Colleague: 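First, the structure itself, so that you have it in front of you.
The structure presented is a predicted model; accordingly, all values stated were derived computationally and were not measured. Letters A, B, ... mirror the listed sequences (proteins, then strands); counts begin at 1.
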There are 2 protein chains.
Amino acid sequence: MVQYQATVDHAFAALADPTRRAVLERLGAGSATISELAEPFAMSLTGMRKHIRLLEEAELVTTEKVGRVRRCMLVPYAFEGISTWLQRLDRFAQVVERTKGAP
Amino acid sequence: MVQYQATVDHAFAALADPTRRAVLERLGAGSATISELAEPFAMSLTGMRKHIRLLEEAELVTTEKVGRVRRCMLVPYAFEGISTWLQRLDRFAQVVERTKGAP
DNA sequence: CTGATACTGAACCATCTGGTTCAGTATTGC
DNA sequence: GCAATACTGAACCAGATGGTTCAGTATCAG
């Protein structure tokens with residue numbers, strides 16, 4: 001039925017790292033290059049590239065190489081899958097909570 | 001302003017592991033003991049206890065020790081924080097997307 | 001052409017993570 | 001009281017993860 005599992009898997013793994021979440025927030029303000037993303041973290045370009053690659057695999061970020069620059073941006077609607085998953089759980093939690101009152 | 005960061009941090013870390021997400025789904029159907037949770041994963045009780053402890057620290061699950069049994073259950077509304085965080089990002093992504101069309 | 005810029009790939013490293021086993025402790029049922 | 005049950009804490013381990021450096025390659029500016 002719901003078969004987005006593989007991507008959701010990658011997405012949650014990608015979101016686990018605070019640096020990557022900060023990158024996502026940064027990209028929320030508009031696209032950026034690897035250098036621009038690496039600079040505020042005082043991180044090597046290689047290091048940032050690895051994070052971006054993970055985010056790409058999780059389909060949260062797309063990139064496009066223009067000349068010698070790689071431009072990174074958020075994928076629209078990328079968070080819907082996991083957002084849905086979480087809300088479903090929240091609904092369950094509320095049901096369980098209510099059940100507890102009437103045993 | 002928004003200062004739920006520390007918890008959100010733990011929550012995302014907790015959600016990164018597929019076993020833990022499965023445990024959350026399982027708890028969505030109602031409370032369970034450590035043994036009950038460990039069994040379907042063919043995992044040691046110690047192993048499962050570690051997962052539960054993480055979920056407790058992330059404030060996604062609460063537990064209560066009754067006699068020699070530990071009962072685990074979902075925390076209602078626990079996912080609101082991260083769900084909100086994700087939706088905000090999604091809104092940003094859509095703005096960025098629209099901006100791209102009109103440079 | 002030349003040098004600087006922007007990235008990339010390979011190799012490496014320390015630390016974190018998800019799991020285990022083993023030896024307890026506390027409860028429960030007979 | 002005794003044995004089985006349910007968990008817990010400590011110690012350990014293999015592999016993943018987040019980072020680095022170094023030696024390239026490709027592009028751009030002068």
Colleague: Taking it one step at a time, do A/Thr33 and A/Cys72 satisfy side-chain contact (heavy atoms from CB on, under 4.5 Å)?
Modeller: CA-CA 6 Å; A/Thr33 68; A/Cys72 311; over 6 Å; no
Colleague: Let me know, please, whether A/Val69 or B/Ser44 comes out on the 5' side of the other along DNA chain C by nearest nucleotide.
Modeller: A/Val69
Colleague: Separation of B/Asp17 atom CG from C/dT17 atom P, in whole Å?
Modeller: 11 Å
Colleague: Side chain of A/Thr46, heavy atoms from C-beta onward: which of D/dG19, C/dG18, D/dT21 has the nearest atom to it?
Modeller: D/dT21
Colleague: Could A/Arg49 and A/Glu56 be called an ion pair, given the rule that one side-chain N must be under 4.0 Å from one carboxylate O?
Modeller: yes
Colleague: Which part of the nucleic acid, if any, lies within contact of A/Ile34, taking any heavy atom under 4.0 Å across all strands shown: a base, the sugar-phosphate backbone alone, or nothing?
Modeller: sugar-phosphate
Colleague: Is any side-chain N or O of A/His51 closer than 4.0 Å to OP1 or OP2 of D/dT17?
Modeller: no
Colleague: To the nearest Å, give me how far apart CG (B/Leu15) and C1' (C/dT17) are.
Modeller: 16 Å
Colleague: Base, sugar-phosphate, or nothing: which does B/Arg53 touch, judged by heavy atoms less than 4.0 Å apart?
Modeller: sugar-phosphate
Colleague: Return the 5'-most residue of the pair A/Lys50, A/Lys65 with respect to DNA chain C, ranking by each residue's nearest nucleotide.
Modeller: A/Lys65
Colleague: Once you apply a heavy-atom cut-off of 4.0 Å, does A/Gly67 come out as touching a base, just sugar-phosphate, or nothing?
Modeller: sugar-phosphate
Colleague: Does A/Arg70 place a side-chain N or O at less than 4.0 Å from the phosphate oxygens OP1/OP2 of C/dT8?
Modeller: yes
Colleague: Compare side-chain N and O positions of A/Arg68 against OP1 and OP2 of C/dA4 and report whether any pair is under 4.0 Å apart.
Modeller: no
Colleague: Say whether, by atom type as modelled, one donor and one acceptor occur between the side chain of A/Arg71 and the main chain of A/Glu64 under 3.5 angstrom.
Modeller: no
Colleague: In whole angstrom, give the distance that lies between atom CE of B/Met48 and atom P of D/dG9.
Modeller: 17 Å
Colleague: Keeping the roles fixed (side chain from A/Arg20, backbone from A/Ile52), state whether a donor-acceptor pair exists under 3.5 Å.
Modeller: no
Colleague: Please state how far atom CZ in A/Arg49 lies from atom P in C/dT5, giving the value in whole angstrom units.
Modeller: 22 Å
